[in-house]
Amino acid sequence: MSEASVTVTLPDGSQKQTAAGTPIGDFVRDSIGAGLAKAAVLARANGAFVDLSQKLDRDTKLEIFTTKAPEALETIRHDAAHIVADAVQRLFPGTQVTIGPSIENGFYYDFDRGQPFTEEDLAKIEVEANRIIAADIPFARTEVSPDEAIKLFSDKGEKFKVEIIQDIVGKGATVLSLYRHGDWIDFCEGPHGPSTGRVGVIKILSSSAAYWRGDHRNKTLQRIYGTAFFDKKGLDAWLKQREEAEKRDHRRLGKDLDLFHFHPFAPGSAFWTPKGTAIYTVLSSYMRHLALSNGYVEIKTPLLYNKGLWEISGHWGKYKENMFLVEDSEAKAAGDPDPHHFSLKPMNCPSHHIYYSFRKQSYRDLPLRLHTQDVLHRNEAAGSLGGLTRVRQFAQDDAHIYCREDQIAEEVKSFVKLLDHVYNAVGLKYSAKFATRPPQRIGDDAMWDRAEGSLKAALDALGLAYELKPGDGAFYGPKIDFDVSDSIGRKWQLGTVQLDYAAPERFDLTYVGEDGKPHRPVVLHRAIYGSFERFIAILIEHFAGAFPVWLAPLQVAIVTVTDRVNDHARKVMDRLAAVGVRVTFDDSNGTMQAKVREASLQKIPYTIVIGDKEVASDSVSVRTFGAAEQQKMETMPFDAFAERLVREAKYP
RNA sequence: GCUGGCGUAGCUCAACUGGUAGAGCACCUGACUUGUAAUCAGGAGGUCGCGGGUUCGAGUCCCACCGCCAGCUCCA
């Protein structure tokens, strides 16, 4: 049989011939270069990621990923998951494997084991995993039939693997791939790197419980988190970066900068210090200013409601466990078995719907945009609370827009513009997610087509990049969520805009159209900060506590050279306060140096030093936080400084 | 809510295998009156998260509860 040849097209467009059946790795080494072959981890052949051992049996568009490519790092982290699973089964026989994907900064693997892993176990696992790396065992892919695969894992007693395989077979798979390194074998789609040695180093990070298939009714598994890099240098750099990020943690800075506290008597509800309250208030006023100048009206509504409201809204059935119920003492005295007739509101929408119905609305009133910053309570699961990002008491910069269907696109557009303005003002990078109709939903397909169409039209008109999340929408309508990351890379949802066709039905909301007949409005739920608490947490981390002047809880610290000038300093403080500047003057016993240091540690934007010279000329010596050394200090007339402060304190 | 870890002064931490709690910073008082990141001296401050138990004796061991942290579930 004569050797057929295939054409390989490389990313630069060049073409090479090679014998059919040549493994990609060999082709790279022989036809491109030994250096590339050595650095190669995986390839993309005609659009699909494949192993380097894959044979070139037809004309192929080929891309090679080396250790420099993010795709390669992701692949060796997946390799690392296999290696860790191998290590665990070597060290703890009888442990069953389940799944082990690579994730954003590493990988995890879930195991079924009678007991959790201890610190010592994890240390042993890390050593064993790195030993497997040192052994440099090749990864080999084989393809088998479903029967073979099921038999293989049944014989090993790997029940979870069998379940996964049966599932995938049930979805129509006929050929399954296995990956082996040495004696250890896993059911896995791949691709993988060439050998365990290509994974430079594995670091075990933590362990925790996880539910089988993410369902809390299922068995609890033991999850091991880890990460992997091509070399120790990469790992060390990442660990260093992680350490730096942890210093920005808002819980840490909340203490250091004295912004808020928590107490065991009110888990999940913050106590705000004067400084924290200043940030809260500035953000609140800023949002009020934006809302009122963008066609919203602000209203305040009750915090406590009779359950009748929640029965209409549907919360009583679906959301009751998350609401704080309040007992009606009269009902209780009368022998009512369940006297919890009231609840603190967990969201503003039902209050707004009631407000809407207080008068007969006309098409001329639409869009009606109701803004509210009331306090909300949600009884979150104890284990999910954490810092300011997940709390039980919070306020949203909430608004509901009641409009006609043909007004949706325009309303969404101007909302996203406003959100973009706010996020840009504080320098937050966000990513948008467009969530469409879920399997469980209300309304017919025509309605969903229109709803999703309106949102998409708005997104396209704005030219905003977004990720599509099919099936992730609320049961009552599609939505766009806006996420940002905290200092250690966890993603949090802040802003959102959701279309709601259900609420107007449930609350029987109508407006009188031009035809004089009643019509159903559509409601848009929307928030920019999301919750003040979470937004502030993100801002603290984003600015590492060094807020811009307009947001800084204290904008100016006054330090005197000698207490001879303290009276003058007090006057300076009063004059600044009179023009709205948030200023502090520490007249306690202590040196100027120590006070300058303290102001700096508190990350106050400006520290002004006053001595005899400044008193004589009514000037201030200004020290700017974070400024370069040569422009750190500057003496200027008081009026010029005050004017600068007022200017910089303006809303962005 | 689930799994694991943790809980000592306002903060950051120490206290050998159970022997009866200590430091730095912060705070208070006094001295110093100083020119841009820590002046010196003295003082006060803790029923070791809460409640039981084991023990001659518990911050150290056991149980239950509360809270915090990581992850899971859920979610702004």
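Per chain, numbering begins at 1; letters A, B, ... match sequence-line order. Worth saying up front: this structure is predicted, and the values here are computed from it rather than measured.
Stacking annotation: A:Phe394 is stacked on the base of B:rA76 (ring centroids less than 5.5 angstrom apart, interplanar angle below 30 degrees).
Across all strands shown, B:rC13 forms a Watson-Crick or G-U wobble pair, both distances under 3.5 Å, with B:rG22. With a 3.5 Å ceiling on both atom-pair distances, the Watson-Crick or G-U wobble partner of B:rG67 is B:rC6. Pair check for B:rC74 finds none; no Watson-Crick or G-U wobble contact set falls under 3.5 Å. Base-pair partner of B:rC40: B:rG30 (Watson-Crick or G-U wobble, both distances under 3.5 Å).
A salt bridge links A:Glu634 and A:Arg644; the closest N-O separation between the charged side-chain nitrogens and carboxylate oxygens is under 4.0 Å. By the 4.0 Å N-to-carboxylate-O rule, A:Glu321 lies too far from A:Arg378 to be salt-bridged with it. A salt bridge does not link A:Lys433 with A:Asp472: none of the charged nitrogens is closer than 4.0 Å to a carboxylate oxygen.
With hydrogens and angles left out, the side chain of A:Glu380 and the base of B:rA76 share a donor-acceptor pair within 3.5 Å. Applying the 3.5 Å distance criterion, the base of B:rA37 shares a donor-acceptor pair with the side chain of A:Arg623. Counting atom types as modelled, A:Arg378 pairs no side-chain N or O with a base atom of B:rC74 as donor and acceptor under 3.5 Å.
Ring-plane geometry between A:Phe415 and A:Phe482 is classed as perpendicular, the angle between the planes exceeding 60 degrees on a 0 to 90 degree scale with a lower cut at 30.
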For ring-ring contact (aromatic ring centres under 6.0 Å, His included), just list the numbers for A:Tyr280 and A:Phe260, CA-CA rounded to whole Å, side-chain angles, deciding distance to a tenth of an Å, and then say yes or no. CA-CA 11 Å; A:Tyr280 208 118; A:Phe260 56 86; over 10 Å; no
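As rounded to the nearest Å, B:rA41 and B:rA26 have P atoms that lie 13 Å from one another. To the nearest whole angstrom, the two C1' atoms, one in B:rG53 and one in B:rG24, are 37 Å apart. With P as the reference atom, B:rC6 and B:rC74 are 28 Å apart, rounded to whole Å. Distance noted for atom P between B:rG45 and B:rA21: 14 Å (whole Å).
In summary, the aromatic rings of A:Phe641 and A:Phe638 are positioned with their centroids too far apart to meet the 6.0 Å limit. Aromatic ring centres of A:Tyr109 and A:Phe107 lie farther apart than the 6.0 Å criterion allows.
Following rounding to the nearest Å, A:Arg252 (CZ) and B:rC68 (P) show an atom-to-atom distance of 17 Å. As rounded to whole Å, 19 Å separates atom P of B:rC75 from atom CZ of A:Phe482.
A:Arg288 contributes atom CZ, which lies 10.0 Å from atom OG1 of A:Thr372 (distance to the nearest 0.5 angstrom).
The cationic atom of A:Arg223 (NZ for Lys, CZ for Arg) lies less than 6.0 Å from the six-membered ring centre of A:Tyr108 and within 45° of the ring axis. Annotation: cation-pi geometry satisfied between A:Arg113 and A:Phe92 (NZ/CZ under 6.0 angstrom from ring centroid, within 45° of ring axis).
Listed nucleotides B:rG67, B:rC68, B:rG35 differ in distance to A:Pro264; the shortest reach to its side chain belongs to B:rG67. For A:Ser206, counting side-chain heavy atoms from C-beta on, the closest listed nucleotide (B:rU73, B:rU12, B:rA70) is B:rA70.
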Got a list of protein N/O to nucleotides 45-51 of chain B N/O distances below 3.5 Å?
none

Between the protein and nucleotides 30-34 of chain B, list every N/O to N/O distance that falls short of 3.5 Å.
unit_1, atom_1, unit_2, atom_2, d
B:rA31, N6, A:Asn589, OD1, 3.3
B:rA31, N6, A:Asn589, ND2, 3.3
B:rC32, N4, A:Asn589, OD1, 2.6
B:rU33, O2', A:Thr562, OG1, 3.3
B:rU33, O2, A:Thr562, OG1, 3.4
B:rU33, O2, A:Asp563, N, 3.1
B:rU33, O2, A:Asp563, OD1, 3.2
B:rU33, N3, A:Asp563, OD1, 2.8
B:rU33, N3, A:Asp563, OD2, 2.7
B:rU33, O4, A:Asp563, OD2, 2.8

For nucleotides 2-9 of chain B, which of its nitrogen or oxygen atoms have a protein nitrogen or oxygen under 3.5 Å away, and what is each distance?
unit_1, atom_1, unit_2, atom_2, d
B:rC2, O4', A:Tyr211, OH, 3.4
B:rC2, O2, A:Tyr211, OH, 3.4

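As judged by a 4.0 angstrom heavy-atom cut-off over every strand, A:Gly386 is placed among residues touching the sugar-phosphate backbone only.
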